[in-house]
Student: 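Just passing along the structure, written as structure tokens.
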Amino acid sequence: MIGGGAKVGNFGVLILCILSGLTVGYFVGNLCSKVEFLSWMNYAGSFGLDQPFQLNLGVIWFSVQIKFNITLAAILGLLCGIFLYKRI
């Protein structure tokens, strides 16, 4: 299994680049919302669970709610993160 760790490491770097790009893009979108001609970059689409999913097993109780708020700037940041990963 020589080289098996390199694939896992590369996948981790890819995930890190994607999450970094999404985060930076989201903050850039928030900054652009204050500028009139760039406010379109903060246009968002929201999807996910409105009500949390709950599971009560008596001893253990789970409650999960996932909601995504994706802006156009975050998508551009995601693409920049993937481009950065390919350059590394």
Side-chain angles (χ1 to χ4, degrees):
M1 302 212 57
I2 297 174
K7 289 183 180 181
V8 172
N10 286 340
F11 182 71
V13 172
L14 174 64
I15 296 298
L16 182 66
C17 287
I18 288 173
L19 291 177
S20 298
L22 282 171
T23 304
V24 170
Y26 180 76
F27 287 124
V28 168
N30 277 340
L31 291 175
C32 289
S33 69
K34 295 170 180 54
V35 179
E36 185 177 336
F37 64 93
L38 292 176
S39 63
W40 59 271
M41 289 186 73
N42 201 35
Y43 180 74
S46 185
F47 61 94
L49 298 173
D50 288 330
Q51 298 294 323
F53 170 74
Q54 297 179 354
L55 178 63
N56 188 352
L57 299 176
V59 178
I60 300 173
W61 179 65
F62 293 103
S63 179
V64 178
Q65 182 177 12
I66 298 174
K67 190 133 182 141
F68 295 98
N69 186 20
I70 303 294
T71 64
L72 291 176
I75 292 172
L76 291 174
L78 171 105
L79 295 174
C80 288
I82 292 172
F83 177 74
L84 177 68
Y85 171 74
K86 291 193 180 253
R87 299 279 296 177
I88 294 177

Student: Could you list all the side chain to side chain donor-acceptor pair (under 3.5 Å) pairs where at least one residue sits in residues 26-50, not counting sequence neighbours?
Tutor: Asp50-Lys67
Student: Any idea which heavy atoms bring Val64 and Leu49 closest together, and the distance?
Tutor: O-CD1, 4.1 Å
Student: Spell out, yes or no, whether Ile82 and Val13 are grouped together once hydrophobic residues are joined by side-chain heavy atoms under 4.5 Å, including indirect joins.
Tutor: yes
Student: Looking only at heavy atoms, which two atoms of Ala74 and Leu22 are closest? And how far apart?
Tutor: O-CD2, 3.5 Å
Student: Looking at every non-hydrogen atom in both residues, tell me the closest pair between Gln51 and Gln65 and how far apart they are.
Tutor: N-NE2, 4.4 Å
Student: Starting from Leu78, can I reach Leu76 by hopping between I/L/V/M/F/W/Y residues whose side chains sit under 4.5 Å apart?
Tutor: no
Student: Distance-only check: which donor-acceptor pairs under 3.5 Å involve side-chain atoms of residues 53-61, not counting sequence neighbours?
Tutor:
{"from": "Asn56", "atom 1": "OD1", "to": "Gly58", "atom 2": "N", "distance (Å)": "2.9"}

Student: Which residues pass the ring-ring contact (aromatic ring centres under 6.0 Å, His included) test with Phe47, not counting sequence neighbours?
Tutor: Phe68
Student: Hydrophobic clustering (ILVMFWY, side-chain heavy atoms < 4.5 Å, transitive) - are Phe11 and Leu19 grouped together?
Tutor: yes
Student: On a heavy-atom basis, which atom in Ala73 and which in Gly25 lie closest, and how many Å separate them?
Tutor: CB-O, 3.1 Å
Student: Report yes or no: do Leu31 and Val35 belong to one cluster of Ile/Leu/Val/Met/Phe/Trp/Tyr joined by side chain heavy-atom distances under 4.5 Å?
Tutor: no
Student: So, for Leu84 and Cys17, which heavy atoms are closest and what is the spacing to 0.1 Å?
Tutor: CD2-SG, 4.3 Å
Student: Using a side-chain heavy atom cutoff under 4.5 Å and only I, L, V, M, F, W and Y, what cluster partners does Val24 have?
Tutor: Val28
Student: Are the side chains of Asn10 and Tyr85 in contact, using a 4.5 Å heavy-atom criterion?
Tutor: yes
Student: Please round to the nearest 0.5 Å and tell me the distance separating atom CD1 of Ile75 and atom SG of Cys80.
Tutor: 12.0 Å
Student: Mind jotting down which residue pairs meet the salt bridge (charged side-chain N to carboxylate O under 4.0 Å, His left out) criterion with at least one end in residues 71-88? Sequence neighbours excluded, please.
Tutor: none
Student: According to the salt bridge (charged side-chain N to carboxylate O under 4.0 Å, His left out) rule, which pairs have a member within residues 37-46, sequence neighbours left out?
Tutor: none
